[in-house]
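Counting from 1, the numbers follow the sequence of the chain as shown.
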Amino acid sequence: MAQLLLVSNQVASGTSAELSLPVLALLSHDIHGVAADTQALTESARADLVVLDGRADLAGARTMARLFQSSGSTVPVLLVLAESGLAAVAADWGVSDLVLDSAGPAEFEARIRLLVTAAANDGLITGGGIEIDEAAYSVMLDGEPLDLTYTEFELLKYLVQHPGRVFSREHLLADVWGYDYYGGTRTVDVHVRRLRAKLGPEHEALIGTVRNVGYRFSGDSGSRR
C-alpha cells in the first residue's frame, strides 16, 4: 500500500480526494489531497507518489509539474489527463508518467505500482554480487562495503553497467576520465589492478582482461534495480 498525494484544485473547492478522482477510491492506497499550490511540495515529502490532476486546468498542472521538477523532488509524478490534453504534454514538464482519466482501476494500479517500485530502487546498479548506490556513492560486495576512490567508483560503475561488453583502454579513458584527461592509457591498467585487489581473490575475475583489446565485466547482470 502506497501513500498517494493527489494534487488537484478540485480538492481545494471542498471535494475530498476520493471524490475528485473516484477511481482512486477503488485502490488500496492511502490518499491525501491538497490544492495545486506550493503547499503540495511540502506535503509530497511524505508521499510515495504524486497524482497530479490536469483534467480541468492543464496550464496549472504544467506549472505544478515544473515546480516539482525544479525543486529537486525525487517523488514520482503521475499526471492524469483528459484525452484532449495529450497534445499539449511535452518532455520538459518533467512528469514520470501519464494516464487518461478514462482508464480503469487496474491500469491506475499498474502505473502506480511501477512508479513506486522504480522510485524505491532508483540509483541501484547490481551485478556479480556487487551493488552500487549512485546516490550514496557507495558499493557493497556480497553485503560488505568496499572503500573506493572516486575514480575507482566511476570505473567500476561503468563496467557493471555494461556486463559482457569489451572496452578498450582508450574508450574507458574517454568515458570515465573524460576527454579533457591528458594522461596515458596506463592509468586504466593501474585502476583496474587496484579494483581487483579490493574485490579480492574470490571476485577479482569479475573484471576480465581481453588480450590486445581491453577489459570487460563478467558479472551476471549489471542491471539497474
Next item on the list: Output all residues satisfying side chain to side chain contact (heavy atoms under 4.5 Å, CB included) with Ala205, sequence neighbours left out; order by chain, then residue number.
Entry: none
Next item on the list: Report yes or no: do Thr209 and Arg196 form a side-chain donor-acceptor pair below 3.5 Å?
Entry: yes
Notebook entry, point to check: Any link between Leu159 and Met140 through a network of hydrophobic side chains (Ile, Leu, Val, Met, Phe, Trp, Tyr) touching at under 4.5 Å?
Noted result: no
Check: Quick one: are Asp53 and Asn9 in side-chain contact, heavy atoms under 4.5 Å?
Finding: no
Check: So if you build clusters from Ile, Leu, Val, Met, Phe, Trp, Tyr with side-chain heavy-atom gaps below 4.5 Å, do Tyr137 and Leu199 land together?
Finding: yes
Next item on the list: Determine whether Val99 and Val51 make a side-chain contact, defined as any pair of heavy atoms from C-beta on separated by less than 4.5 Å.
Entry: no
Note to self: Please tell me whether Leu79 and Leu86 are part of a single hydrophobic cluster in this structure, the criterion being side-chain heavy atoms less than 4.5 Å apart.
What the structure shows: yes
Item checked: From CG (Leu24) to CD (Glu109), nearest 0.5 Å -> 10.5 Å
Check: With the 4.5 Å side-chain cut-off for hydrophobic clustering, are Val190 and Leu195 part of the same group?
Finding: no
Notebook entry, point to check: If we only count heavy atoms from C-beta on, is the Val23 to Asp101 side-chain gap below 4.5 Å?
Noted result: no
Check: Just wondering, are more than 12 heavy atoms of other shown residues or ligands nearer than 6.0 Å to CZ in Arg216?
Finding: no
Margin query: Quick check for you: to the nearest 0.5 Å, what is the distance between Leu172 atom CG and Thr187 atom OG1?
Written below: 11.0 Å
Next item on the list: With the side chain counted from C-beta on, respond yes when Glu152 and Leu146 share a heavy-atom pair under 4.5 Å apart, and no when they do not.
Entry: no
Next item on the list: Can you sort out the partners of His191 under ring pair (Phe, Tyr, Trp, His ring centres under 6.0 Å), two or more places apart, ordered by chain and number?
Entry: Trp177
Notebook entry, point to check: If you measure only the distance, is there a donor-acceptor pair under 3.5 Å linking the side chains of Asp48 and His29?
Noted result: no
Notebook entry, point to check: What about Tyr150 and Ile125, same hydrophobic cluster or not, with Ile/Leu/Val/Met/Phe/Trp/Tyr joined at side-chain heavy-atom distances under 4.5 Å?
Noted result: yes
Check: Does a donor on one side chain and an acceptor on the other come within less than 3.5 Å for Gln3 and Asp30?
Finding: yes
Notebook entry, point to check: Atom CZ of Arg113 and atom OG1 of Thr117: how far apart are they, to the nearest 0.5 Å?
Noted result: 7.0 Å
Note to self: To check you understand the geometry: which heavy-atom pair defines the closest contact between Leu41 and Ser71, and what is its length?
What the structure shows: CD2-OG, 3.9 Å
Note to self: With a 6.0 Å cut-off (strictly less than), is the heavy-atom count around CG of Asp147, excluding the residue itself, greater than 12?
What the structure shows: no
Margin query: Do Val95 and Phe68 have side chains that approach each other closer than 4.5 Å (heavy atoms only, starting at C-beta)?
Written below: no
Notebook entry, point to check: To the nearest 0.5 Å, what is the distance between OG (Ser44) and CG (Leu4)?
Noted result: 13.0 Å
Notebook entry, point to check: Hey, does the side chain of Ser96 reach the backbone of Leu78 with a donor-acceptor pair shorter than 3.5 angstrom?
Noted result: no
Margin query: Side chains of Val77 and Met64, heavy atoms from C-beta outward: is any pair under 4.5 Å?
Written below: no
Notebook entry, point to check: Angle class for the His162/Phe167 ring planes (parallel below 30°, perpendicular above 60°, tilted otherwise)?
Noted result: perpendicular
Check: Does the side chain of Val188 come within less than 4.5 Å of Tyr215's, by heavy atoms?
Finding: yes
Next item on the list: Answer yes or no: is there a side-chain heavy-atom contact under 4.5 Å between Arg46 and His32?
Entry: no
Notebook entry, point to check: Considering residues at least two apart in sequence or located in another chain, which fulfil the salt bridge (charged side-chain N to carboxylate O under 4.0 Å, His left out) criterion with Asp37?
Noted result: none
Note to self: Give me the atom names and distance for the closest heavy-atom approach of Gly54 to Ala61.
What the structure shows: CA-CB, 3.6 Å
